[in-house]
Every structure is written in structure tokens, then in C-alpha cells.
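So you know, we letter chains A, B, ... as the sequences are listed, proteins then strands, and number each from 1. Everything numeric in this text was worked out from a predicted model, so none of it was measured.
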Number of protein chains: 2
Amino acid sequence: MNEANDELAFEPHEEELLSRVAWHYYHDGLTQSEIGERLNLSRIKVSRMLDRGRKMGLIHVHINSSYGGCFALEARLQEIYGLDEARVIPAQETGNINDRLAEAASQYLMGRLKDQEMLAVGWGATVMGTLQRLARTLSYRDISLVSLTGGVSAYIEGVASGRSSQNVHLIPAPLVVSQENIAEAIRAERHVVEVMSMARTANYALVGIGAVADEATLIASGYASRSQFEIFRRQGAVGDIIGIFYDQNGEPLDLPFHKMLVGLDFGALSAIPQVIAAAGGPKKIDAIRAAARGGRIDVLITDEPTAQAIIEKDQA
Amino acid sequence: MNEANDELAFEPHEEELLSRVAWHYYHDGLTQSEIGERLNLSRIKVSRMLDRGRKMGLIHVHINSSYGGCFALEARLQEIYGLDEARVIPAQETGNINDRLAEAASQYLMGRLKDQEMLAVGWGATVMGTLQRLARTLSYRDISLVSLTGGVSAYIEGVASGRSSQNVHLIPAPLVVSQENIAEAIRAERHVVEVMSMARTANYALVGIGAVADEATLIASGYASRSQFEIFRRQGAVGDIIGIFYDQNGEPLDLPFHKMLVGLDFGALSAIPQVIAAAGGPKKIDAIRAAARGGRIDVLITDEPTAQAIIEKDQA
DNA sequence: GCGCATCGTGATCATATGATCGACGGAAAC
DNA sequence: GTTTCCGTCGATCATATGATCACGATGCGC
């Protein structure tokens with residue numbers, strides 16, 4: 001605060017000197033001592049001038065990369081929603097967005113997973129892609145996999161096939177069944193109970209975020225119908241995580257559909273130390289924003305335009 | 001110099017990591033050790049990544065121009081010669097002056113070039129250095145490159161190698177040929193005509209300014225002989241731009257040499273909205289001064305002693 | 001297969017940098 | 001005039017940084 005009103009105006013000569021010092025330092029690669037000798041200044045003074053130059057914004061560092069702009073967004077996301085971490089991948093017209101998110105997510109997890117740890121996985125296209133990319137790492141590095149919901153086995157088997165299958169625990173059931181009492185019965189099965197309680201002990205959860213849109217994977221794979229989605233939307237649903245639909249504040253709705261799910265609920269999900277979500281694309285803006293606002297996730301991996309849109313909505 | 005053209009291409013993931021490191025270092029003010037911890041890298045590796053980032057031009061330090069530079073001299077140059085802009089870099093005995101000018105020029109252009117724009121480039125050591133520094137920006141930011149003369153391909157290819165080569169248009173010919181009729185024939189070639197007419201549509205032209213001295217790059221690279229230069233000097237030549245020699249008022253001379261050039265003439269050059277020249281050093285004082293007086297250039301990037309000398313000569 | 005060169009890595013150490021502290025000097029208050 | 005406050009300066013020292021070295025992995029040619 002004290003230096004905030006520190007004279008912003010200084011001698012023109014001072015300005016020139018400062019920029020000269022900055023030039024020598026940053027562009028010519030001279031040391032502060034060398035600059036001092038050359039311009040008859042004490043080394044310490046040169047140091048202070050550079051410091052001042054930086055504080056005043058006279059010296060500006062530009063990161064000349066398509067990633068550059070993303071870091072600012074990451075910082076904002078973390079700040080606004082209290083995320084542990086955010087990853088934003090650069091905008092790019094070409095290429096499937098889910099593939100690129102999966103790539104980023106798998107990279108993130110690779111750097112994060114330690115031996116002996118357990119990763120719980122949800123349901124969705126992005127999650128599947130991530131697991132495919134992770135497959136090799138998982139088998140090399142004694143990492144266990146467990147499913148958060150039913151319906152995962154379909155794609156996870158190919159991924160974790162072979163050697164390390166003893167470390168893979170799946171809920172042997174579909175994601176959604178047709179009747180509430182059937183779901184109850186399945187959830188009571190001993191093996192299902194075991195896997196679900198194991199999932200509660202996972203170190204990380206990897207989930208996708210679904211939009212309430214006709215293109216949703218839930219509809220494409222026959223777990224839900226368009227008319228159901230229309231009803232969900234009327235009730236205020238903006239998105240889903242592991243099959244549970246929530247409103248714009250990230251609060252889970254009370255839907256009959258939820259009673260037919262086989263998998264963990266939001267309470268159990270939140271108990272997992274770190275919930276990592278990978279999702280992006282224009283359709284998912286509201287879904288992601290609500291999840292973040294509601295504290296449903298700890299780590300968000302998304303793309304640049306989506307991040308921008310989310311932040312803008314919470315700006316006002 | 002030698003390692004300047006070591007592989008400019010690297011893994012996308014590598015680049016992301018590098019950008020992230022740079023961001024933490026320069027924007028968040030973290031130390032290299034802290035970054036290492038955070039990203040699971042050894043401190044030394046972080047240090048090396050930063051080094052590489054700087055060398056590759058991924059990290060750029062910009063010194064705010066409104067304060068930076070050598071104010072008084074810049075203002076005087078603009079005033080006396082009616083330049084759009086002047087950049088003067090501080091004096092320094094050691095270090096290659098061309099490298100420092102190239103640094104300044106690339107910085108200027110980076111701040112100026114917008115997407116979809118086209119930059120036409122001339123011939124010379126400083127231009128080459130500038131392009132090397134710009135390479136990264138150019139490929140990222142949909143900017144087209146076109147040559148103003150022949151003989152450019154030799155050094156531009158390494159620069160624009162790889163991805164964005166569809167945006168690079170070179171005159172496929174040497175700068176100077178041995179006979180007038182050969183030059184005529186080349187200039188009539190369809191492809192050459194095309195590139196030259198494209199060059200006329202460029203938004204900016206980046207050129208060097210050559211002195212009529214034995215050290216000239218034109219002589220060093222075998223395009224002209226000392227005896228030719230001696231003759232040019234007798235005829236009143238004080239400098240050249242894209243191979244065209246002019247007198248002390250910046251008026252092009254009528255030399256046979258010019259008829260053997262493959263490239264644009266002064267009329268076409270002036271038609272480009274902004275002609276940017278980067279040149280400095282004691283040998284080039286008269287050449288630069290004449291170019292400025294004759295209105296051959298719109299933007300001048302030079303060094304302090306040279307600027308001083310030029311102004312002094314026009315003071316009296 | 002066996003050197004051989006090359007590269008990337010981390011360890012060690014010299015150097016560069018910036019934080020802290022006391023001293024000096026000028027300006028305002030008394 | 002003195003005193004006190006404030007800012008600046010340089011000395012000292014802890015830390016951050018980058019240069020050098022040595023090692024192990026990888027790839028190449030013999």
C-alpha cells in the first residue's frame with residue numbers, strides 16, 4: 001500500500017536510464033554488476049531499478065505460445081471456484097475436443113498418480129478416452145482402478161486387459177436399470193457392495209460432465225431418452241456427473257431416474273479426496289459451471305473457449 | 001549462431017510444459033525450485049527449460065515502448081525525417097550490433113503484426129536475424145511471409161520450415177544475376193511474377209540498409225565485387241536497400257547493376273504501407289541518413305550512436 | 001556383439017541476485 | 001537550532017541460479 005502511491009512520475013532521465021538498464025539486462029544478457037560498471041551505478045541500485053521497472057509494468061514478459069493465454073484462465077478458474085487445480089487446453093478448430101481433453105486428462109493423471117494409489121472412474125466418452133491413453137501407465141505402475149458406477153465394464157475391459165487385471169474392480173451391472181427395485185437389488189449384491197465400498201477409498205475420481213442435450217452420451221447409449229431429458233431440463237437440470245443430474249448451483253435434483261442408477265451418490269463422490277473432471281465444448285458450459293459452483297469437483301480440465309465462457313458468466 | 005537453427009520443432013506436450021514453467025516463473029514469481037516441486041521436475045531441469053524457452057523465442061521480454069528506448073533520439077528522428085516511428089536501442093560496445101538490432105526489430109514486429117497480415121522481407125544479415133527470432137510467432141499466428149527480392153530462400157527456409165510453409169512465398173531466384181537479359185527472363189517467369197505481385201500487397205516490408213563499404217554483406221556473399229562498389233561510390237552511392245543503391249538524398253541511382261536484380265523496385269517498395277528498416281553501426285550512418293531523408297522508409301530501428309550521428313549531421 | 005559418440009540427467013560448486021540492516025542526509029515539525 | 005521522520009544508499013549475507021562435471025542410457029557404425 002505504501003508504495004502504491006509512491007511517485008509514479010519520475011525524472012525523464014530516470015525513465016531512460018531504467019529502460020536502458022532493462023534492455024541491457026534482458027536483451028543483452030549482461031549481469032547487474034556489468035550494467036552497473038558500464039553506467040556507473042552500484043550493482044544494488046541496478047537491482048532496485050529492475051525491481052521498480054517490473055513493479056511499474058515497464059518490463060513485460062510475454063509467453064509466445066498458444067498455451068500462454070490459457071494459464072490466465074486457469075488461475076481465474078481456480079480462484080473463482082476454489083478449485084485445487086485447473087487445466088485449460090488451447091483453442092483449436094481442428095480435432096475432436098474429447099480426444100484433446102482426454103489427452104490432457106491422461107497427462108495430468110500420469111503426473112499425479114503414485115504407486116499403490118487407486119483411481120475411481122466414472123462414465124462417459126472423455127473418461128473412456130483418458131483411460132485408453134493411461135492404459136500403459138496403469139499397468140506399469142501398480143495402480144488400481146475401480147468404477148464409480150455400473151456400465152463401465154463395456155469399455156474398461158479392453159483398456160485394462162492382460163496383466164494387471166487383478167487391480168481392476170468393476171461394478172458388474174449397467175449404469176441404469178429400468179426399475180427402482182431392480183436397482184435396489186443390484187446395489188445390495190455382495191460383490192457390488194464390495195466394489196462400491198472400495199470406490200469410496202479411492203485417492204482420485206475421474207469423471208465426465210454431461211450436458212442436458214440431445215447429443216449426450218447417455219442418450220446415445222440408450223440409458224436415457226430424449227423425453228426424459230426434456231423432463232429433467234424442465235426440473236432445472238443443467239448437467240450430470242456419474243448419472244446424477246444437478247441444477248445450476250450444482251445441487252443434485254430429486255429425480256426418479258436417480259433411484260434407478262447403480263453407482264455412488266454425490267455424498268460418496270465428494271468424500272473422495274480429489275474429484276477430477278474432464279469436459280468441454282459449447283454444450284457443456286452451463287453443466288461445467290454449475291458443477292464448479294457447487295463444489296462438485298476439485299480439478300477441472302477443459303478447453304479455452306469453454307473456460308472463457310464459464311468465467312464470463314460469473315463475471316457479472 | 002550455430003545452435004540458432006537447432007530443432008525448432010518439439011513435442012506439443014513439451015511445449016505446454018515449457019510454457020507452464022515460464023508462466024510460473026515470470027508471472028507468478030515462483031522460484032525454479034518451487035516450480036520443480038509443483039510439476040515434479042528437478043530444479044536444474046526447470047532452469048534448462050527456461051533457458052531453452054528464451055533461446056527459442058518462446059519467452060519474450062518487452063520493454064514498454066512509451067517509456068523505453070532512447071526517447072529523445074527517437075522523437076528527434078521521427079520529427080526530422082517524418083518517420084512513422086523510430087526505435088533506438090542503447091549503446092553498447094560489446095556484442096554483435098546486428099543481433100541486438102534483430103532483437104529489437106523482432107520485438108517491434110511481434111507487437112505490430114496481426115493475424116492474416118503479410119510481411120514482405122528483403123535481404124541481409126539483420127533481416128535474417130529478425131526472422132529467426134520471429135519464426136515462432138509467425139507459425140503460430142497465421143502470418144504470411146513473402147520475399148521482396150531473390151536470394152532470400154537461402155536463409156528463410158530454415159526459419160519457416162515445417163508447419164506453416166504454405167504461407168511462405170519466395171522468389172525462386174538469386175538476388176543478382178550476371179546478365180541483364182537473364183534477369184529480365186527470370187522476372188518474366190510466371191512464378192516470379194506471382195510472388196512479386198503478392199509482395200506488393202504486403203502490409204509491411206522489413207528491409208536492411210547496406211553501406212557502400214567493403215564489409216557489406218553483398219560483397220561477402222559474392223553478389224557484388226569490391227571494384228563494383230568502388231564504382232558505385234564514385235557515382236555517388238551511399239547505401240542500398242534490397243540491392244538498389246541510392247545517393248545521399250535517397251534517390252536511386254541509374255546503375256547497370258540494378259538491371260540485373262531480381263526483385264521489387266523503389267516504387268513498389270514505397271507502395272507497401274509501412275517499410276521498416278533495421279540497421280546500425282558506424283559504417284551505415286550515411287546510408288541510413290540518406291534513406292531517411294529520401295523517405296525510403298517509414299520505421300527506423302537503429303542504435304544510439306548511429307542515431308546520434310545521423311541527427312548531428314542534419315543539425316547543421 | 002562391442003566400442004563409440006551423443007544426449008539427457010542430476011550433483012556440485014561458483015556466481016548472481018535480492019532481502020535485511022544500519023548509516024547517512026535532507027525535510028518538516030517543534 | 002534541534003529533533004524526528006523519511007527515504008535512499010551501500011554492506012552483508014542467505015538464497016537462487018546457471019556452469020561444469022560425471023554418469024547412465026540410447027543409438028550408431030564397426
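- None of D298(A), V299(A), I297(A) except one satisfies the side-chain contact (heavy atoms from CB on, under 4.5 Å) rule with L83(A); the exception is I297(A).
- The shortest distance between the side-chain N/O atoms of S47(B) and the OP1/OP2 oxygens of dG18(D) is below 4.0 Å.
- Side chain of D303(B) to backbone of G281(B): a donor-acceptor contact under 3.5 angstrom is found.
- The line from OG1 of T302(A) to CZ of R100(A) is 10.5 Å long, rounded to the nearest 0.5 Å.
- In this structure, the CG atom of D51(A) is 15 Å from the C1' atom of dT8(D), given to the nearest Å.
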What protein N or O atoms touch nucleotides 8-12 of chain C N or O atoms at under 3.5 angstrom, if any, and at what distances?
from, atom 1, to, atom 2, distance (Å)
dT9(C), OP1, K45(B), NZ, 3.0
dG10(C), OP2, S42(B), OG, 2.8
dG10(C), N7, R48(B), NH1, 3.4
dG10(C), O6, R48(B), NH2, 2.9

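- Straight-line distance from the OH atom of Y26(B) to the P atom of dA16(D): 16 Å, rounded to whole Å.
- The separation between H24(B) atom NE2 and dA16(D) atom P is 17 Å, rounded to whole Å.
- Comparing the start and finish of the helix from dG1(C)-dC30(D) to dC30(C)-dG1(D), five pairs each, the helix axis swings through 20°, to the nearest 10 degrees.
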- Under the salt bridge (Lys or Arg N to Asp or Glu O under 4.0 Å) rule, what do E34(A) and R38(A) come out as? Steps first, then yes or no, please. CA-CA 6 Å; E34(A) 285 172 314; R38(A) 226 168 266 271; 5.6 Å; no
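- The distance from atom CG of L30(B) to atom P of dT17(C) is 19 Å, rounded to the nearest whole Å.
- Note on ring orientation: taking the six-membered ring where Trp is involved, the planes of H60(A) and H27(B) are perpendicular (angle over 60°, cut-offs 30° and 60°).
- Contact detail for A104(B) and W23(A): the closest heavy-atom pair is CB-CH2, 3.5 Å.
- As rounded to whole Å, 7 Å separates atom C1' of dA16(D) from atom CD of Q32(B).
- Between Y25(B) and dA16(D), a side-chain N or O to OP1/OP2 separation shorter than 4.0 Å is absent.
- Between the side chains of R112(A) and Q274(A), at least one donor N or O sits under 3.5 Å from an acceptor N or O.
- Of the residues in residues 33-40 of chain B, none has a non-hydrogen atom less than 4.0 angstrom from any atom of DNA chain D.
- In this structure, N98(B) contributes its side chain and T126(B) its backbone to no donor-acceptor pair below 3.5 Å.
- Contact of the Y81(A) side chain with the I310(A) side chain is registered, since non-hydrogen atoms from C-beta on lie closer than 4.5 Å.
- Residues M49(B) and V46(B) fail the side-chain proximity criterion, which asks for heavy atoms closer than 4.5 Å.
- No side-chain donor-acceptor contact under 3.5 Å links W123(B) to the backbone of L175(B).
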